[in-house]
Asks: 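What follows is a structure written as structure tokens; I'll ask about it next.
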Amino acid sequence: MKPILLDMNAEEISAIMKEGGQPSYRAGQIFSALHLGKEFSEISNIPKALIAALEDKYTAQPVKIEKEFPSSDGAKKYLFRLEDGVLIEGVLMRYKYGNTLCVSTQAGCRMGCAFCASGIDGLARNLTPGEILGQIIAVNRAEGGVAGDRAVTNVVLMGSGEPLDNFENTLKFLRLAGERGGICVGQRNISLSTSGIAPKMRELADAGFSVTLTVSLHAPDDTVRERLMPVNKAYPIKEVISAARYYFEKTGRRVIFEYALIGGVNDAKEQAAALAAVTSGFPTHINIIKLNYVKEKKLRGASKESVRVFFDELKRRGASVTLRRTLGGDVDGACGQLRRSYLDE
Ligand code: SF4
């Protein structure tokens, strides 16, 4: 595989230009064009010889849309193909305030959460910064063209993979996404979702990032959480909450806790009370969502009634909580499911 130019920031591209005897302003032209989704041959304001030299050495766009799956609720699921044939997926969700794209940070995942199809085959490989970014660029181009329309206004790192298990590449992606002349999605518009790798949550705060940190909790006690999320053995709830508090103290951003309600597993009223207690003491918010049915895992979402009781109990205890819609349910919206059904075909 050729090196991916989209992995590089403007300064790194500038160094390549310098080496090739090109004026430094070419770096900005190339950087902006790549972030609009252009292939080298489509960059009209650089010399043909330079286009040929770049084509020879580098890949411009490492992410291609393999297939689109529109859902009846307006969401659209994408299956992306990378240069080496690896398939990853993303979902575009349309809200009143803009369009949010959920992107993958790894092909597969090694965290092994019980409710997730992404981890079934383990980790295939980490994605490079440009491959994470390339998903947004591909959707921007597919939805808005190359005229500079940016269809994607918000990004959630919540597709397949654990972003903090691909730490350096995720950090570089965050920097690239906010760079001038690029896709211009700032940290305030990015959510990073983690299964709770506590030391990396602290490192993220120490590195000066202030993205919205979303922690998948899914249970208020270690016994149930360990069953659902093996990562809890390494980082139990107490450590995860302490790292979340640290993130808030460093960044001033309240931390979001994700909680997927699974029938008969984590949806009891007492568990709602315990959840309100463990997430209290600093600014937090809880998103509860009914689990999408995961056929490989035989896990079902909670009933409508227990979702209502759970939500009411959290409210009654003063928690800040939102009941989220399940988007993309009819196109295998839960992470990892689409890729698997496509591979099964
Ligand atoms: S839920 Fe996220 S962290 Fe857990 S296995 Fe799936 S992709 Fe990995």
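Counting starts at 1 for both ligands and their atoms, in listed order. All values below were derived from every heavy atom in this structure, side-chain atoms included, with hydrogens, water molecules and symmetry-related copies excluded.
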Asks: In ligand 1, which numbered atoms sit nearer than 4.0 Å to a non-hydrogen atom of C109?
Replies: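 Within the 4.0 Å cut-off of C109, ligand 1 contributes 3 (S), 5 (S), 7 (S), 8 (Fe).
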
Asks: So that I can check it, does any N, O or S atom in C113 come closer than 2.8 Å to atom 6 (Fe) of ligand 1?
Replies: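 Checking atom 6 (Fe) of ligand 1 against C113, no N, O or S atom falls under 2.8 Å.
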
Asks: Only heavy atoms of G112, strictly under 4.0 Å: list the atoms of ligand 1 that pass.
Replies: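 Selected atoms, number and element: 5 (S).
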
Asks: If you take the centroid of each ring, where Trp contributes its six-membered ring, are F257 and H285 closer together than 6.0 Å?
Replies: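 Between F257 and H285, which both carry aromatic rings, the centre distance is not below 6.0 Å.
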
Asks: Identify the heavy atoms of P230 and G112 that sit nearest to each other, and give their distance.
Replies: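 Closest approach of P230 to G112: CD-O, 3.3 Å.
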
Asks: When you check the gap from the basic side-chain N to the acidic O, do R317 and E313 get nearer than 4.0 Å?
Replies: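 Here R317 pairs with E313 in a salt bridge, since their nearest N and O are under 4.0 Å apart.
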
Asks: Can you name the atoms of ligand 1, numbered from 1 with element, that are less than 4.0 Å from a heavy atom of G161?
Replies: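 The list of qualifying atoms is 7 (S).
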
Asks: Could you walk me through whether R308 and D312 satisfy the salt bridge (charged side-chain N to carboxylate O under 4.0 Å, His left out) test, starting with their C-alpha distance in whole Å, then the side-chain angles of each, then the deciding distance to 0.1 Å, before giving a yes or no?
Replies: CA-CA 6 Å; R308 192 191 57 75; D312 289 349; 2.9 Å; yes

